Amino acid sequence: MKTINNIKFLSILFFIGLVVTSCVKDDDFSTPDISVEEPNIDVNFSIDLVKEAYGGFEPVLIDGGELYLEGYVVSNDEAGNFFKTLVIQDSPENPTAGIAISTEDTDLYTFYEPGRKIYFRVDGLYSGEFAGLPTLGVLNDGEVGRISILEFRERIVRSTEFQEIVPQVKTINQLSDSDLNTLVMLEEVQVSDGDVGQSYANLDNTFSVNRVIINCERTEDIILRNSGFATFKNELMPEGSGSLTAIFSVFNNDYQLFIRDTDDVNFDQERCEEAAFEEVFLNLPFSQDFESLSTGAGVNVSIQGWRNVNINGGETRYQARDFDNNKYAQISAFNSDENDLEAWLVTPALILEGTQNPTLTFDTKDGFNNGNGLKVFISTDLTEDTVENATWTELTATIASGTSSGYAENFTPSGNIDLSAYTGQTVHIGFQYIGSDSGVTTTYQIDNINVVD
C-alpha cells in the first residue's frame, strides 16, 4: 500500500513537470521587467548661482533652505588624471557654466561616468575658488576644502538620464573664464616641438607635469597638465596633429587642460610643419609688456614678428612666465641639460625713419645669479636669414645683477638707451642669453620693452 502511494505521488510530480515545461517554447526565457524611476528632485538652484555666490575673496556659505542643482558629469577619474574631484557642466551641449566639486570620495567613475546627469544639494556648502578655479566644497582654513565621503554621498543623486557630452570647439585664444570646468575641443593642434616623444608625466616620480599644446600656426599655446598618478603617464606624447578633447581649467594665472585619458588625444594627422617666418615692420612708438601671452613652465614666448631661437640647436628658449599678476619673458640654463646655450629674443623690425631721438628702455630682474649671462644688441642687417648671420652691436644698458639667492624683489630699469645713431634705419633689438647647465645658470626676466621717439 505504501509503495503504491509513492508511485502515485511521483506520477503527479512528473505530470506537473510536463505542464511547466510545455509553457516554455524554444528556450525563450524573458528578462524580468525592472524599471527605475527618475528621482523626484526639485531643482531650484544652478551652477551659475553657485559661482555668483562667490564674492572673489573668501569662500561664501550657500544658504536658503534645501537647494538642488543639476549638471552633467564631464570628468572621469578612472585613469587617475583626476583625483577626488567631480567636474560637472550645466548642459550636455553648449554649456554656460561648469563647477568642480571637491570631495574625499574616489572611484567616482563607477557611478558618475561622463554624460551622467546628477542632482546635487548645495545648501550648507561653500562656493569659492581653488587657485582660481570655481569650486564647490566645505570651508577648510579659509579655503574651499573636500566634502567628506559620507556627506558627498548624501548630497548627490544619480539621475537615470545619460547624454553624450558634445565638447565646445574652440581655438586656444578663444578660451576664457566662462569655459572653466567645461569640456572643450581644440582642432588642428599638436604637441610642442620640445615635448614630442616625451612621456605624459615623469617616469620615476609621481609629480604632475606640464606639457605644451600648440596650434598648427604656432601662434597659440596652452599647458596640458598630466598627473604623476595617471595610468598613461609612461606613454609618449604623439608626434602628429589633430584634435584634443579636454576639461578646461586654471591654476593661478595659468590656463590648463586636463584629459580624461589618452582617448581624448586624437593626433592621427601628419605633424604641421613650422610656417616660414614672416617679418613684421612697426613704426614707433613700440611697446611690449607680454601681458597678452599664455604663461607657464614650458610655454615659450610666441609673438608674431618676434624671433625666439636657440642657435645651438637645443630646446631652451625664452618662456612666458608670470608672478604677482605680471607677465614677462624668462630665460635660464638651470636644468637645461645644455652646456652650450645661446638663446635670442628679437623684436620685430622697428622703423626709425623720421625719428629724431629714438630711445630704448626695458626692465630686468635676476635670480640665483652665478654669473652675467644677458646682453642687449641692435642690428640693421637682420633679414629672414638666421639670427647668427646678422651683424649685432652691443648696447650699453643696466641689467639686473647680484641676486645670488632667490629672485630680486623689483625689476631694474635699463636706463634710457640712445638709438639716435640709427635714425632713418630699420633695426631689430636682440636680447642674447649665454649660459650652461654646468656653468652660468642665472635666471633673467625681461619686461616692458619700449622704443619711443
Side-chain angles (χ1 to χ4, degrees), residues 38-39 41-54 56 60 62 67-78 81-82 85-103 108-109 111-122 125 127-137 144 152 155-187 189 213 222-225 243-251 254-261 263-266:
E38 178 69 9
I41 300 293
D42 179 20
V43 177
N44 53 2
F45 218 63
S46 68
I47 295 174
D48 265 324
L49 290 174
V50 169
K51 294 171 67 176
E52 288 175 10
Y54 175 61
V60 176
I62 301 172
L67 302 173
Y68 275 92
L69 58 75
E70 62 183 9
Y72 294 83
V73 177
V74 291
S75 59
N76 186 347
D77 60 357
E78 183 174 9
N81 210 34
F82 287 84
T85 300
L86 187 71
V87 184
I88 61 173
Q89 62 185 42
D90 59 7
S91 173
E93 189 172 359
N94 298 319
T96 61
I99 195 82
I101 303 175
S102 184
T103 175
L108 300 172
Y109 73 94
F111 288 99
Y112 314 112
E113 72 278 31
R116 176 64 58 187
K117 181 179 178 179
I118 61 103
Y119 303 98
F120 201 79
R121 187 167 64 83
V122 300
L125 296 179
S127 172
E129 289 183 352
F130 177 77
L133 185 68
T135 304
L136 181 64
V144 180
F152 175 79
R155 288 177 173 274
I156 192 167
V157 179
R158 187 175 187 266
S159 169
T160 60
E161 182 180 340
F162 178 88
Q163 297 280 351
E164 179 183 359
I165 304 296
V166 180
Q168 301 178 85
V169 178
K170 300 272 187 173
T171 65
I172 294 173
N173 283 354
Q174 286 175 341
L175 293 170
S176 67
D177 287 349
S178 63
D179 301 310
L180 291 172
N181 292 316
T182 67
L183 193 68
V184 300
M185 176 185 286
L186 305 178
E187 297 180 328
V189 294
I213 301 298
I222 191 170
I223 295 169
L224 179 67
R225 183 78 170 168
S243 66
L244 176 73
T245 302
I247 294 173
F248 183 51
S249 187
V250 68
F251 186 81
D254 293 335
Y255 285 134
Q256 302 178 336
L257 298 172
F258 285 86
I259 59 174
R260 284 81 57 88
D261 54 46
D263 288 341
D264 285 336
V265 184
N266 296 300

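Just so you know, these numbers come straight off a predicted model, no measurement behind them.
- The aromatic rings of Phe152 and Phe120 are tilted relative to each other, their planes meeting at an angle between 30° and 60°.
- At a threshold of 4.5 Å between non-hydrogen side-chain atoms, the residues Ile156 and Tyr112 count as touching.
- Using a 4.5 Å heavy-atom threshold, the side chains of Val144 and Phe130 count as separate.
- Applying the salt bridge (charged side-chain N to carboxylate O under 4.0 Å, His left out) rule to Glu70 yields the partners Lys117; only residues at least two apart in sequence or on another chain are considered.
- Listed for the Asn81 side chain is no donor-acceptor partner under 3.5 Å among the backbone atoms of Arg260.
- Every residue two or more places apart in sequence or in another chain was checked for a salt bridge (charged side-chain N to carboxylate O under 4.0 Å, His left out) with Arg225, and none qualifies.
- Pairs engaging residues 163-173 under the salt bridge (charged side-chain N to carboxylate O under 4.0 Å, His left out) rule: Lys170-Asp179 [sequence neighbours left out].
- Checking side-chain atoms of Ser127 against main-chain N and O of Val50 turns up a donor-acceptor pair under 3.5 Å.
- Counting heavy atoms from C-beta outward, Ile47 and Leu136 have side chains that stay 4.5 Å or more apart.
- With a 4.5 Å cut-off on side-chain heavy atoms, Asp90 and Ser46 do not count as touching.
- Aromatic ring centres of Tyr119 and Phe45: separated by at least 6.0 Å.
- Of the options Leu86, Asp77, Val73, a side chain to side chain contact (heavy atoms under 4.5 Å, CB included) to Tyr109 is made by Asp77 and by none of the others.
- A heavy-atom distance below 4.5 Å is found between the side chains of Glu187 and Val169.
- For Phe111, the CZ atom counts as loosely surrounded, since its 6.0 Å shell holds 12 or fewer non-hydrogen atoms of other residues, nucleotides or ligands.
- Gln89 contributes a side-chain N or O that, together with a main-chain N or O of Leu183, makes up a donor-acceptor pair within less than 3.5 Å.
- Panel note: side chain Asn181, backbone Ile88; no donor-acceptor pair is recorded below 3.5 Å.
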